[in-house]
Amino acid sequence: MHLFLQGKPCVGKSSLIRKELEQSRANVAGFITQRLKEAGRTIGYRVLSVTEELPPLEAMYIPNQSGIFLLNGQMDVSALEVAILQVEKDSQNKKCSLIVLDEVGGVELKSERFMKPLLRIINAEKPCIGVLKSAQNLSHAILSLNLDNEYLSLHRHLEQTILSKGKLISVASENKSATQEYIARYLQQLPKSS
């Protein structure tokens, strides 16, 4: 069974997952989305692989950083496409007991090169934990990036696929503690890796 979180920006979805993963003995493969900051504000996002260590969720923007897929309103999903193919490959390692997908359901929704491997991963048996961008957050991105509304129907399809294979929890400040406990229990019941 998979476990995904959704909720408002900066409510702490990724931080909840990260805190429990750091205490877990799960052998993970996957990626995280890192927020890039400049002069105290978010100007972009990059994708980073999760293997031995979890990369920080925020970093200062440095020109020519690898993995950037959104910067100052300009998007290039090729970094996400490369990342998901690596996740699919890494997830086939017998030592991998959990796949981290933080965050899906955004600018990559119209990329077949991303979505086909993602759906194969979700439809496989290996457990996944991650963040699904909420429809509300996606609507904001559609407006700010001038994207078309097809993203919303693609998002609904991804959400239905996730729900058919697991649980989706909406995180808010009122249920953060309960969500953290749920994540801890979820990680404890994972099958042990080979």
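Everything numeric in this text was worked out from a predicted model, so none of it was measured.
Leu119 and Val131 fall into different hydrophobic clusters, where Ile, Leu, Val, Met, Phe, Trp and Tyr are joined by side-chain heavy atoms under 4.5 Å apart, directly or via other members. Cluster annotation: Leu163 is connected to Leu118 through the hydrophobic network of ILVMFWY side chains, with a link wherever side-chain heavy atoms come within less than 4.5 Å. By the rule that hydrophobic residues join a cluster once side-chain heavy atoms approach within less than 4.5 Å of another member, Val87 and Ile129 end up as members of separate clusters. Leu138 is connected to Met75 through a chain of hydrophobic side-chain contacts under 4.5 Å among Ile, Leu, Val, Met, Phe, Trp and Tyr, so both are in one cluster. The same ILVMFWY cluster, assembled from side-chain heavy atoms under 4.5 Å apart, contains both Val77 and Leu132.
Expressed to the nearest 0.5 Å, how far CG of Leu54 lies from CD of Gln34 amounts to 12.0 Å. Taking CE from Met115 and CD from Glu108, the interatomic distance works out to 6.5 Å, rounded to the nearest 0.5 Å. Once rounded to the nearest 0.5 Å, the distance linking CD1 of Ile122 with CD1 of Ile99 reads 9.5 Å. The distance from atom CZ of Arg35 to atom CD of Glu58, rounded to the nearest 0.5 Å, is 5.0 Å. Here the straight-line distance linking atom CG of Asn123 with atom NE2 of His2 works out to 7.0 Å at 0.5 Å rounding. Here the SG-CG distance, from Cys96 to Asp90, works out to 7.5 Å after rounding to the nearest 0.5 Å.
Side chains of Gln160 and Ser164 form no contact here, defined as non-hydrogen atoms less than 4.5 Å apart. Side-chain atoms of Leu57 and Ser15, non-hydrogen and from C-beta on, do get closer than 4.5 Å to each other. Leu3 places none of its side-chain heavy atoms less than 4.5 Å from the side chain of Ile17. Between Asp76 and Phe69, the closest side-chain pair of non-hydrogen atoms is not below 4.5 Å.
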Query raised in the report: Can you check side chain to side chain contact (heavy atoms under 4.5 Å, CB included) on His140 and Ser144, steps first, answer last?
Result: CA-CA 6 Å; His140 181 270; Ser144 63; 4.2 Å; yes
Query raised in the report: Please walk me through it: do Leu48 and Phe31 pass side chain to side chain contact (heavy atoms under 4.5 Å, CB included)?
Result: CA-CA 5 Å; Leu48 294 167; Phe31 68 80; over 6 Å; no
Report task. Could you give me the CA-CA distance, side-chain angles and deciding distance for Glu103 and Thr33, then say whether side-chain hydrogen bond (donor to acceptor under 3.5 Å, both in side chains) is met? Result -> CA-CA 6 Å; Glu103 166 176 299; Thr33 300; over 6 Å; no
Query - Candidate pair Ser14 and Ile32, rule side chain to side chain contact (heavy atoms under 4.5 Å, CB included), full reasoning - result: CA-CA 8 Å; Ser14 299; Ile32 67 147; over 6 Å; no
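A donor-acceptor pair under 3.5 Å links the side-chain atoms of Gln65 to the main chain of Ile62, judged by distance alone. Checked by atom type and distance alone, the side chain of Lys13 pairs as donor or acceptor with a backbone atom of Lys8 at under 3.5 Å.
Partners of Ala172 according to the side-chain contact (heavy atoms from CB on, under 4.5 Å) rule, which considers only residues two or more places apart in sequence or in another chain, are Glu174, Asn175.
Phe4 and Val104 get closest at one heavy-atom pair: CE2-CG2, 4.1 Å. Looking at every heavy atom in both residues, Ala184 comes nearest to Glu20 through CB-OE1, 3.3 Å. Nearest heavy atom pair, residue Pro117 against residue Leu85, reads CG-CD2, 3.7 Å. Of all heavy-atom pairs between His155 and Ser134, the closest is NE2-C, 3.9 Å. Between Ser49 and Pro55, the closest heavy-atom pair is O-CG, 3.6 Å. In plain terms, the two heavy atoms of Ser66 and Arg46 that are nearest each other are O-NE, 2.9 Å.
For the side chain to side chain contact (heavy atoms under 4.5 Å, CB included) with Ile142, the qualifying choice from Asp148, Asn137, Leu147 is Leu147, the only one to do so. The residue from Lys126, Lys116, Arg120 that alone fulfils the salt bridge (Lys or Arg N to Asp or Glu O under 4.0 Å) condition with Glu88 is Arg120. Among the candidates Val11, Val171, Asp102, the single residue satisfying the side chain to side chain contact (heavy atoms under 4.5 Å, CB included) test with Leu5 is Val171.
In this structure, Lys167 forms a cation-pi arrangement with Tyr182, its terminal cationic atom sitting closer than 6.0 Å to the ring centre and no more than 45° off the ring axis.
Atom NZ of Lys110 is surrounded by more than 12 heavy atoms from other residues, nucleotides or ligands within 6.0 Å. Crowding of Glu22 atom CD: a count of heavy atoms from other residues, nucleotides or ligands under 6.0 Å exceeding 12. Heavy atoms from other residues, nucleotides or ligands lying under 6.0 Å from CD of Gln189 number more than 12.
Grouping Ile, Leu, Val, Met, Phe, Trp and Tyr by side-chain contacts under 4.5 Å, direct or through others, puts Leu36 with Ile43, Tyr61, Ile68, Leu71.
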